[in-house]
Protein chains: 2
Amino acid sequence: MTREEKIVDKALEMFNERGIEYVGLRELAAALGIRVGNLTYYFPTKDDLVNRLAQDLSRLNDQLGGAATPDLFSFLERFRKVCEHQIRYRCLLLSVVHLMERNRVLSETYKETEKKRFGSIVGGLSALRQAGYLNPDADTGFLVSVFTLTARFWISEASISFRHLSPREHIHHYAALVAKLFLPYATEKGREDIRRFINGLS
Amino acid sequence: MTREEKIVDKALEMFNERGIEYVGLRELAAALGIRVGNLTYYFPTKDDLVNRLAQDLSRLNDQLGGAATPDLFSFLERFRKVCEHQIRYRCLLLSVVHLMERNRVLSETYKETEKKRFGSIVGGLSALRQAGYLNPDADTGFLVSVFTLTARFWISEASISFRHLSPREHIHHYAALVAKLFLPYATEKGREDIRRFINGLS
DNA sequence: GCCGGTTTAGGACATTGTCCAAATTCAAGT
DNA sequence: ACTTGAATTTGGACAATGTCCTAAACCGGC
């Protein structure tokens, strides 16, 4: 394990624990047994370190495979997996608003991947409709909007309102929420997938 | 206009413009033509100033009246008005996660008012069901969850993804979103209110 | 006209992210 | 084995931050 990897690991651990903006570089360095200047050798600025974490999360999500969502169950299951990744990098999502405001690099790459992700969701829903999981007249614009809002901020709301619950319970709650979102727009085949997904959560 | 009011006004203006954590007390003081120490006379800490703003917003929302939501249209209209208040105090909502983590006073009062607000929404929906605007079998737990998530974070998402649009357009988008959320669970009478509300947005 | 509380000024303090120059380590080349 | 040059580490400087404190100025009531 290289020193750079150790820095990334420890940073992620401490950022998740106490929040990105509340972990000083001096604390991080002390926890690693090195000096601050040494930290800035590998990551010239704190933002560079944060960008690295964001890149890691993005790669993790990309590994989940492309837009191949043959059925509604897989679509929901994919959302659940993304939620697990988000928990591992929760510090990023809890600070997403500030990061987008101040960190230009992150802001542009995030916007790019979000655009791609958005397109993939729209395509996925339209595929689900064609495959007979969603009603032909389902308002996909509405569904995508609520879906992306939830995917972005569920973890923020959980940190505010459900701090006493475990990550597993958080995911359970919000995954079920998204599943129920599709319920009124699903065909009988789709409703079957939704029931199966919700039953599998517990 | 007392000096204290001037401070609150200017602080809100600058916080909204550039974000709470990125406006230094020295800048705020300079903009007001006073010294930092003078600022801390009225508000010993920055958090005290933020708490004051939160209190003002809370009062503003309370002025909208209690849980009296006789029909679905009024319920949605009330949401729209809350959105307008939130825009006036948007700095608070954009930092809500960090504020809840660090500011103990705000955290407790917020939790209190949110609990009250939550109960009022649950009661409102149940009243709408009894009044024949929502189907008897509507999943109010689901509706409340999505509704509160949207109410809390729509402005954060807008600041990230729809920065090029105006506040009016933001409200239009998210108010319509919430309205559509109720559509599948509404009776014919309820759908009529939803249509009327959406038409009135433009 | 003085007095006591209110308000203002100015600076000290520790902490933050960033930056830099010197010192040290280390592997490759001769 | 010795040298060279790059990679790494060190320690401290810097400006900016939120907070705190003391002394000065103000100002209305006696």
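In this text, all values refer to a predicted model and were calculated from it rather than measured experimentally. Chain letters run A, B, ... following the sequence lines, proteins first and then strands; every chain starts at 1.
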[X] [atom1] to [N] [atom2]: how many Å, rounded?
| X | N | atom1 | atom2 | value |
| --- | --- | --- | --- | --- |
| Y22(B) | dT16(C) | OH | P | 16 Å |
| I34(B) | dA25(D) | CD1 | C1' | 16 Å |
| M14(A) | dT16(C) | CE | C1' | 15 Å |
| R102(B) | dT16(C) | CZ | P | 11 Å |
| L39(B) | dT7(C) | CG | C1' | 13 Å |
| L28(B) | dG18(D) | CG | P | 10 Å |
| R3(A) | dT8(D) | CZ | P | 10 Å |
| F15(A) | dG17(C) | CZ | C1' | 12 Å |

May I ask you to say what [X] touches in the nucleic acid, namely base, sugar-phosphate or nothing, with a heavy-atom cut-off under 4.0 Å?
| X | answer |
| --- | --- |
| E4(A) | nothing |
| G37(A) | base |
| R26(B) | base |

Can we say K6(A) and D9(A) salt-bridge, meaning some charged N sits less than 4.0 Å from an Asp/Glu carboxylate O?
no

Short side-chain N/O contact from Y41(A) to OP1 or OP2 of dT8(D), under 4.0 Å
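Yes, such a contact exists.
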
Closest nucleotide of DNA chain D for T40(A) versus for D47(B): which of these residues is on the 5' side?
T40(A)

State which of [options] makes the closest approach to the side chain of [X].
| X | options | answer |
| --- | --- | --- |
| K46(A) | dT17(D), dA9(C), dT18(C) | dT18(C) |
| L25(B) | dT19(D), dT17(D), dA9(C) | dT19(D) |
| R35(A) | dG11(D), dA13(D), dT8(D) | dG11(D) |
| N38(A) | dT19(D), dT9(D), dT7(C) | dT9(D) |
| Y42(A) | dT7(C), dT19(D), dT9(D) | dT9(D) |

Using side-chain heavy atoms (C-beta onward) and a distance below 4.5 Å, is S95(A) in contact with H98(B)?
yes

Ignoring hydrogens and angles, tell me if any N or O in the side chain of R90(B) forms a donor-acceptor pair with the backbone of Q86(B) under 3.5 Å.
no

Check: E169(A)/S166(A) side-chain N/O donor and acceptor closer than 3.5 Å
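A donor-acceptor contact under 3.5 Å links the two side chains.
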
Using the ring of Y22(B) (Phe, Tyr or Trp, six-membered ring only), decide whether R102(A) places NZ or CZ under 6.0 Å from its centre and within 45 degrees of its axis.
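Yes - R102(A) lies over the ring of Y22(B), closer than 6.0 Å to its centre and within 45° of its axis.
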
